[in-house]
Amino acid sequence: MTRLTSTLLLLFVAGGILAQPSLERVGNNARIIANGKPMLMIGGEMGNSSASTLADVKKHFAYLHKMGLNTVLAPVSWELIEPQEGQFDMTSLDNLLDEARKNDLKLVLLWFGAWKNSMSCYAPEWFKNDSKRFPRAHIMNGIPVDEASSLSRNVLEADKKAFCRIMQHLRDNDKQQTVVMVQVENEIGMINVPRDYSEDATKLYNSAVPESLVQYLKKNQKALHPYIAERFRHDANHKTWGEVFGNDIYAEEIFQTWTYATYVEQIASAGRAIYNVPMYVNVALNSRGRTPGQYPSGGPLAHLIDIWHAAAPSIDVLGVDIYDKGYKDWVAKYHLHNNPLFVPEIRLEDKDAMYALYAFGHHSAMGFCPFSIEDYPIYKGNDNENEDENENGKLDLSLDDQLNAFSSKTDNLSPIAACYRLLRQAEPLILERQGTRDMEGVLLTNEEREQDIITPDGIRLTVKHSYSLGWEPGAKDAEWPEAACIILRLGVADYLVIGSGVVVTYSDAKVEKSWKKSGTVIGLAKCESVSITDGTMSVVRHLNGDQTHQGRHIRIPVGQFDIQHFRLFQYR
């Protein structure tokens, strides 16, 4: 398998310490390399204010360790880092680093600098109180809004200075490689209008499109996103934004995208010059038929990816934040030939367990992180009380002990917690198969209740919703819950299924699905529920008879999570 690595994996610095975390490309996919090993970010994002004090960080990180996460996305806000101009306080960052290490968690830092969800709400008071030095963007009629100007050199330099101090602190104080990735700003974009209408912005919009962007789009014209390919005029030299992209609100959005992306590039490149860790930006979606300004205009949206790549080469990934229906469609829009899939935010729901399986199995996702994860219960039917903690706030069981304890029984766990335990066990096997035909993910919905997988062995695996058998209590309901699984091929006719709510049958892929067609018959040779430690399987329970319907299928009912190993055989 061809692998292009953004930084050298085994680069050593003085003293024999491994280099900083890096991003390894695997075809159209990518994964984080930390401490010399690839990893999946099986994680969650903290609520915006849930990691702002040491007490909160202590409580929540111990709890998330117990839930089975290996990665936490946590905000670092400008107002706490630089409460007085020029006076930096890294206490909030150190709290995150210390507690993450105590709880065996990796961190992704979210820089809430000049913008958070378009607004400048996490900027320090000294910044907010000086709009003359740190100007705001404008809507129509010269009215300023609480969004820092992306064209202001003062705004950029102040933001960059604080960000670089953070990167310097990580370089000097994170030899453990606790921080594996950094998000630059948060869901940036203009609200209510498609672009900044300040005098400076309007002057630039009516000026020629920068030559660097024109040449980038011409050079990459065969690989452009269809949206930009359609709007871009190839005789663009020395023409204005309206002339090049169409004189409408969508051309204005492209202009605004360029201003944000060039700003972010200056932040990211300065930070990476100090400590070169992977960096990404996240996006609020252009959903529900809204137009630029109704959604945050100019953010890192999929249809604008070429503008971001041209302006911000220091950004590795456009991460997709999903709070809308149509999960399958959204992740497909952001898993592109030039953008690996990363889901840094998604609405916190039980069905995220199914979405995680699909993201890792079908899209070889870098990571999957429900938002406000600290509010999610570990066990069914209760809140997030940490009843297994001792009086010092430490968990009585190590994570390895927890994974082993729950490997054979996840019935008492909430869906995300149960799913994450399985993913943590299978992580090495998933990483080995990213981007190959030896792994596939299936997501079944009320509308899509069946999917076929053709394996390299010429076997058709038909994955159906387990309700399709009619045996489970909810089978007669009009609405069926989401079900999902990952299928891993271990060898010839040798597989793992990881998931919940699925039934798997098998047949010769060359034969139509009909009893009237002759051909090789595929049978079940072996099925067993397993646990996995360091890539090695242990049998938890041998399954036969009723569990496999006398060899007719593999089954994991709705509400149960399991890893099952099965081998098939052929006969005539």
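Heavy-atom basis, side chains included; hydrogens, waters and symmetry copies ignored. Because the structure is predicted, anything quoted here is derived from the model rather than measured.
Between Pro340 and Arg25 the shortest side-chain heavy-atom distance falls below 4.5 Å. The side-chain heavy atoms of Leu336 and Asn28, taken from C-beta on, include no pair separated by under 4.5 Å. Side chains of Phe61 and Asn103 form a contact here, defined as non-hydrogen atoms less than 4.5 Å apart. The side-chain heavy atoms of Ile254 and Tyr250, taken from C-beta on, include no pair separated by under 4.5 Å. Annotation: side chain of Val179 is not in contact with side chain of Val108 (no heavy-atom distance under 4.5 Å). Looking at Leu318 and Val283, their side chains never come closer than 4.5 Å, going by heavy atoms from C-beta outward. At least one side-chain heavy atom of His309 sits under 4.5 Å from a side-chain heavy atom of Tyr216. For the pair Phe569 and Val521, the minimum side-chain heavy-atom distance is 4.5 Å or more.
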Side chain to side chain contact (heavy atoms under 4.5 Å, CB included) evaluation trace for Ile228 with His303
CA-CA 7 Å; Ile228 292 295; His303 68 280; over 6 Å; no

Show, in sequence, the C-alpha distance, side-chain angles and deciding distance for Thr533 and Gln425, and conclude whether the side chain to side chain contact (heavy atoms under 4.5 Å, CB included) test is met.
CA-CA 6 Å; Thr533 304; Gln425 292 181 57; 6.0 Å; no

Lys464/Val502 under side chain to side chain contact (heavy atoms under 4.5 Å, CB included): CA gap, chis, key distance, verdict
CA-CA 6 Å; Lys464 296 182 180 180; Val502 297; over 6 Å; no

Worked check of ring pair (Phe, Tyr, Trp, His ring centres under 6.0 Å) between Tyr355 and Phe368:
CA-CA 9 Å; Tyr355 292 162; Phe368 184 90; 7.2 Å; no

For Gln547 and Arg555: C-alpha separation, side-chain torsions, deciding distance, then whether side-chain hydrogen bond (donor to acceptor under 3.5 Å, both in side chains) applies.
CA-CA 7 Å; Gln547 289 79 29; Arg555 177 180 172 234; over 6 Å; no

Yes or no on side chain to side chain contact (heavy atoms under 4.5 Å, CB included) for Met46 and Leu64, after CA distance, side-chain angles and deciding distance?
CA-CA 10 Å; Met46 302 281 286; Leu64 296 177; 3.6 Å; yes

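Checking side-chain atoms of Glu265 against main-chain N and O of Ser314 turns up a donor-acceptor pair under 3.5 Å. Side-chain atoms of Asp104 never come within 3.5 Å of backbone atoms of His65 as a donor-acceptor pair (strictly under, hydrogens ignored). Under the 3.5 Å distance criterion, the side-chain polar atoms of Arg424 are matched with a main-chain donor or acceptor of Leu69. For the pair Arg552 (side chain) and Thr548 (backbone), a donor-acceptor distance under 3.5 Å is absent. No donor-acceptor distance shorter than 3.5 angstrom exists from the side chain of Asp306 to the backbone of Leu224, with no hydrogens or angles considered. A distance-only check finds a donor-acceptor pair linking the side chain of Thr445 to the backbone of Glu448 [under 3.5 Å]. At least one donor-acceptor pair closer than 3.5 Å links the side chain of Ser414 to the backbone N or O of Ile378. With hydrogens and angles ignored, the 3.5 Å screen pairs a side-chain donor or acceptor of Gln177 with a backbone N or O of Asn35. Within the 3.5 Å criterion, the main-chain N or O of Val463 finds no donor-acceptor partner in the side chain of Glu450. The main-chain N or O of His234 is found under 3.5 Å from a side-chain atom of Lys218 such that the two form a donor-acceptor pair.
Rounded to the nearest 0.5 Å, atoms CG (Leu496) and CD1 (Ile554) are 11.0 Å apart. Here the OG1-CG distance, from Thr436 to Asn29, works out to 10.0 Å after rounding to the nearest 0.5 Å. Once rounded to the nearest 0.5 Å, the distance linking CD of Glu45 with CD1 of Ile373 reads 10.5 Å. Here CE of Met181 is found 11.0 Å from CG of Leu110. Values are rounded to the nearest 0.5 Å. Distance OG/Ser531 to CZ/Arg421: 13.5 Å, rounded to 0.5 Å. Rounding to the nearest 0.5 angstrom, the gap separating the CZ atom in Arg347 from the CG atom in Asp324 is 7.5 Å.
Ala74 approaches Leu107 most closely through the heavy-atom pair CB-CD2, 4.4 Å. Between Phe561 and Met354, the shortest heavy-atom contact is CZ-CE, 3.8 Å. Contact record, Pro415 with Tyr376: CD-OH, 3.1 Å, taken as the closest heavy-atom pair. When all heavy atoms are compared, the tightest approach of Cys369 to Met41 is SG-O, 4.4 Å. Ala261 and Ile307 get closest at one heavy-atom pair: CB-O, 4.4 Å. Here the shortest heavy-atom pairing between Tyr327 and Leu443 reads CD2-CD2, 3.8 Å.
When the ring pair (Phe, Tyr, Trp, His ring centres under 6.0 Å) test is applied to Tyr506, no partner is found at least two apart in sequence or on another chain.
For the residue pair Asn446/His465, the side-chain donor-acceptor check at 3.5 Å is not satisfied. Side-chain atoms of Gln564 and Ser529 form no donor-acceptor pair, as typed in the model, at a separation below 3.5 Å. Side-chain N/O atoms of Lys333 and Asn339 include no donor and acceptor closer than 3.5 Å. Glu472 and Tyr467 form no side-chain donor-acceptor contact under 3.5 Å, judged by distance and modelled atom types alone.
Cation-pi geometry between Lys526 and Phe566 is not met: the NZ or CZ atom fails to fall both under 6.0 Å from the ring centre and inside 45° of the normal.
Salt-bridge check for Asp508 with Arg460: failed, with every basic side-chain N at 4.0 Å or more from each acidic carboxylate O.
By the 30° and 60° cut-offs, the orientation of the rings of Trp471 relative to His553 is tilted. In this pair, Tyr227 and His225 present their aromatic rings perpendicular. The plane angle is above 60°, beyond the 30 to 60° band.
With Asp321 as the fixed residue, the side-chain hydrogen bond (donor to acceptor under 3.5 Å, both in side chains) test singles out one of Asn186, Asn282, Asn117: Asn282.
Residue pairs meeting the salt bridge (charged side-chain N to carboxylate O under 4.0 Å, His left out) criterion with at least one member in residues 223-233, sequence neighbours excluded, are Arg231-Asp248, Arg233-Asp235.
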Which pairs would a plain distance check flag for residues 480-495, meaning a side-chain donor or acceptor within less than 3.5 Å of a matching protein atom at least two apart in sequence or in another chain?
from   : atom 1 : to     : atom 2 : distance (Å)
Trp480 : NE1    : Ala475 : O      : 3.2
Trp480 : NE1    : Asp477 : O      : 3.2
Arg489 : NE     : Asp457 : OD1    : 3.1
Arg489 : NE     : Asp457 : OD2    : 3.1
Arg489 : NH1    : Asp438 : OD1    : 3.1
Arg489 : NH2    : Asp457 : OD1    : 2.6
Asp494 : OD1    : His565 : NE2    : 2.6
Tyr495 : OH     : Thr455 : OG1    : 3.0
Tyr495 : OH     : Asp457 : OD2    : 2.6

